[in-house]
Amino acid sequence: MECKENVIHFLSWGFIVGAVAYLLQQTRTQTPYGRYVTSDGTPGRTCPAKLAWFLQELPSFLVPMLLLLSTDTQPSLGKDLLLWTFCLHYFQRTFIYSLLTKGRPSPLYIVFSALVFCSVNGFLQGHYMLHCATYDDTWQTDIRLGTGLLMFFLGMAINIHSDHILLNLRKPGEVVYKIPKGGMFEYVSGANFFGEILEWCGYALATWSLTTFSFALFTMCSIGPRAYHHHRYYQEKFEDYPRSRKAVIPFIL
């Protein structure tokens, strides 16, 4: 398959514009998800949390894999980066995290919106890395690749560990919210969000392209405000909430 450069540039810039618009939108209204979903204020129907996570994350893994299986591509660094970073993340989110999550039902329109975004992004990242990205032999020793991969896997470890803390925060049958402790939660309220942001910033650095940067930016603008909302929620709910904690970036924000 030939590289569809016009499509790639259009979608990449669309993600950038959409990221800024979504960030501005979240400064005015709060997206109804998780603890912020109320039975009397949620429009439309809801989907069970486990099924919602599986459905909305699946395209990000499935679409690149279908592109890979349907294309006769030679071994390349771009192919390896796609498989062992992007697809690895979404394999964990789709087939492992979705089975473990204990979250509340998600509004169906949010699940559908996430499914559409992940389908488009799965194609964008998969097509770019398989058919457009080119790296010469010197890139394998480039500091951007090494640093980016280190950031990615460190972020993934933080994300998984933080999710583990949240999933085990309450005992069976408990419905109250508690202050998360341990790991990166000692520094930020949105430790899981920080981990995912670090992942995709590392991915963008390792792959060094507008396409991957646009996704990293969208991630920051979409889940960064969620970390702030959680931070504010904890501060208002718990009088003993640690004042030293930041919202999403340790020691800074």
Side-chain angles (χ1 to χ4, degrees), residues 7-47 49 51-60 63 86 89-90 93 97 101 103-125 155 159 162-163 166 177 188-201 203-204 210-237 245-250 252-253:
V7 175
I8 292 297
H9 284 292
F10 176 80
L11 291 177
S12 297
W13 280 106
F15 274 24
I16 292 173
V17 174
V20 176
Y22 193 25
L23 176 63
L24 295 176
Q25 186 268 335
Q26 288 198 90
T27 61
R28 297 191 296 268
T29 60
Q30 187 168 286
T31 304
Y33 63 91
R35 71 191 66 179
Y36 309 112
V37 174
T38 58
S39 58
D40 58 342
T42 304
R45 299 181 179 180
T46 59
C47 181
L51 179 60
W53 273 103
F54 178 81
L55 291 177
Q56 67 191 33
E57 301 291 296
L58 180 61
S60 287
V63 173
F86 188 84
H89 169 90
Y90 280 106
R93 300 299 285 180
Y97 178 77
T101 184
R104 295 183 179 183
S106 181
L108 201 56
Y109 79 95
I110 290 183
V111 176
F112 178 75
S113 298
L115 188 150
V116 171
F117 173 82
C118 287
S119 297
V120 174
N121 188 53
F123 169 79
L124 176 62
Q125 306 302 326
N159 182 248
S162 300
D163 282 337
L166 292 175
Y177 282 100
V188 292
S189 299
N192 50 332
F193 299 128
F194 168 72
E196 188 163 354
I197 290 172
L198 185 62
E199 275 186 82
W200 297 125
C201 286
Y203 181 67
L210 177 67
T211 301
T212 53
F213 167 77
S214 68
F215 176 46
L217 179 65
F218 195 96
T219 300
M220 287 188 286
C221 292
S222 60
I223 67 177
R226 297 183 188 183
Y228 170 75
H229 294 154
H230 286 2
H231 185 65
R232 186 175 60 182
Y233 172 86
Y234 287 131
Q235 288 179 321
E236 294 175 351
K237 186 174 181 62
R245 289 190 192 181
K246 298 299 182 180
V248 63
I249 303 177
I252 299 175
L253 178 64

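Hydrogens, waters and symmetry mates play no part in the numbers below; they use all other heavy atoms, side chains included.
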**OP:** Step by step, work out the side chain to side chain contact (heavy atoms under 4.5 Å, CB included) result for V248 and V188.
**Re:** CA-CA 5 Å; V248 63; V188 292; 5.5 Å; no
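- Taking each heavy atom of R93 and N159 in turn, the nearest pair found is NH1-OD1, 3.3 Å.
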**OP:** Show the numbers, then the answer: is there a side chain to side chain contact (heavy atoms under 4.5 Å, CB included) between H230 and F193?
**Re:** CA-CA 11 Å; H230 286 2; F193 299 128; 3.5 Å; yes
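- Nearest heavy-atom pair across H9 and L210 is ND1-CD2, 4.1 Å.
- L108 approaches C47 most closely through the heavy-atom pair CD1-CB, 3.9 Å.
- At least one side-chain heavy atom of P225 sits under 4.5 Å from a side-chain heavy atom of L23.
- Remark: W53 CH2 to Q56 CD distance equals 5.5 Å, nearest 0.5 Å.
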With a cut-off of 3.5 Å and sequence neighbours excluded, list every side-chain donor-acceptor pair involving residues 113-122.
residue: S113; atom: OG; partner: Y109; partner atom: O; Å: 2.8
residue: S119; atom: OG; partner: L115; partner atom: O; Å: 2.8
residue: N121; atom: OD1; partner: Q125; partner atom: NE2; Å: 3.0

Output side-chain donor-acceptor pairs under 3.5 Å for residues 212-222, partner residues at least two apart or in another chain, one line each.
residue: T212; atom: OG1; partner: T207; partner atom: OG1; Å: 2.8
residue: T212; atom: OG1; partner: S209; partner atom: O; Å: 3.2
residue: T212; atom: OG1; partner: S209; partner atom: OG; Å: 2.9
residue: S214; atom: OG; partner: T211; partner atom: O; Å: 2.6
residue: T219; atom: OG1; partner: F215; partner atom: O; Å: 2.9
residue: S222; atom: OG; partner: F218; partner atom: O; Å: 2.8
residue: S222; atom: OG; partner: T219; partner atom: O; Å: 3.1

Original post:
Going through the checks in order, is the side chain to side chain contact (heavy atoms under 4.5 Å, CB included) test met by L124 and S12?
Top reply: CA-CA 8 Å; L124 176 62; S12 297; 4.0 Å; yes
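- Side-chain contact between I197 and C201: present, with at least one pair of heavy atoms (C-beta onward) separated by less than 4.5 Å.
- If you take CZ on R232 and NZ on K237, they are separated by 15.0 Å, rounding to the nearest 0.5 Å.
- In this structure the side chain of H231 never reaches within 4.5 angstrom of the side chain of K246, judged on heavy atoms.
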**OP:** Apply side chain to side chain contact (heavy atoms under 4.5 Å, CB included) to I223 and E196, showing your working.
**Re:** CA-CA 9 Å; I223 67 177; E196 188 163 354; 4.0 Å; yes
Original post:
Given H89 and Y203, is the ring pair (Phe, Tyr, Trp, His ring centres under 6.0 Å) satisfied, shown in steps?
Top reply: CA-CA 11 Å; H89 169 90; Y203 181 67; 9.7 Å; no
